[in-house]
Amino acid sequence: MRAAIILAAGRSRRFGTTNKLLTPIGGKTLLARTIEAALREPVGRVLVMTGHDRQRIAAVAHSTGQGRVFPVHAADHARGHQQTLLAGLKSLSRHENEVLIFLADAPSVPRSITGQLSRAARGKVAARAMHRN
C-alpha cells in the first residue's frame, strides 16, 4: 500500500514573521494545496509532519483531510528535514511499503511526475536514503 508524507515542520524563517504554509493563495493555504495534491495520488493515507506551529498545521490537515490525512509531530524537527522525514517513515504502518514525499511549500508538482516515478519503481526501490554506506 502507498502512503504520502508531507514535510510541514519548518519555521519559514526566510519568509518573515508569517508561516508561509498558512498563507492563503487564491483562497486556500499553501499547505491545503499540497494536501490536496497528495490526495489526488493513489495513496491510502497522507501524513503531515508537524513541528513548528504544530497546532495550526494540524488544524489545516484535519480540515483538508477527508479522513485520510493525519498530522504526526516530529519531535526532532529542529534538527532538519532528515529528522522530520525519519519520523514520518517510522510512522508508516507495516502495510505501507511505498511512499511519496511532498515538500509542503511545493504543491504544484505535476501529477505526471509522480505517475512516472510510480511506474518506474513498480517492484523495485526507486530511491533509498543512505548514510555511511
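Numbers here simply count residues along the sequence, with the first being 1.
In this structure, OG1 in T84 is found 13.5 Å from CD1 in I6, a value given to the nearest 0.5 Å. Here CG of L7 is found 12.0 Å from CD of Q83. Values are rounded to the nearest 0.5 Å. Here the CD1-CG distance, from I101 to L85, works out to 4.5 Å after rounding to the nearest 0.5 Å. With values rounded to the nearest 0.5 angstrom, L31 atom CG is found 10.0 Å from E36 atom CD.
Checking side-chain atoms of N97 against main-chain N and O of M1 turns up a donor-acceptor pair under 3.5 Å. Between the side chain of S63 and the backbone N or O of V60 there is at least one donor-acceptor pair closer than 3.5 Å. For the pair R54 (side chain) and A74 (backbone), a donor-acceptor distance under 3.5 Å is absent.
With sequence neighbours left out, the salt bridge (charged side-chain N to carboxylate O under 4.0 Å, His left out) criterion links R68 to no other residue. Partners of H81 under the ring-ring contact (aromatic ring centres under 6.0 Å, His included) rule, at least two apart in sequence or in another chain, do not exist in this structure.
F70 and L86 fall into different hydrophobic clusters, where Ile, Leu, Val, Met, Phe, Trp and Tyr residues are linked whenever their side-chain heavy atoms come under 4.5 Å apart, directly or through other members. The same ILVMFWY cluster, assembled from side-chain heavy atoms under 4.5 Å apart, contains both F102 and L22.
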Apply side-chain hydrogen bond (donor to acceptor under 3.5 Å, both in side chains) to H73 and T50, showing your working. CA-CA 5 Å; H73 184 64; T50 68; 3.3 Å; yes
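The nearest pair of heavy atoms linking T34 to A104 is OG1-O, 2.6 Å. Pairing each heavy atom of G88 with each of L47, the nearest pair is O-CD1, 3.9 Å. Here the closest heavy-atom approach between residue P42 and residue R2 is recorded as CG-NH1, 2.9 Å. A pairwise comparison of heavy atoms in V48 and A8 identifies CG1-CB, 3.9 Å as the closest pair. Pairing each heavy atom of S91 with each of V72, the nearest pair is OG-CG1, 3.3 Å.
Ion pair E96/R45 flagged as a salt bridge, since at least one NZ, NE, NH1 or NH2 atom sits closer than 4.0 Å to an Asp/Glu carboxylate oxygen.
Sequence neighbours left out, the pairs with a member in residues 77-87 that pass salt bridge (Lys or Arg N to Asp or Glu O under 4.0 Å) are D76-R79.
Between L100 and I5, every side-chain heavy-atom pair lies at or beyond the 4.5 Å cut-off.
When the options I35, D105, T23 are evaluated for a side chain to side chain contact (heavy atoms under 4.5 Å, CB included) with L30, the one that passes is D105.
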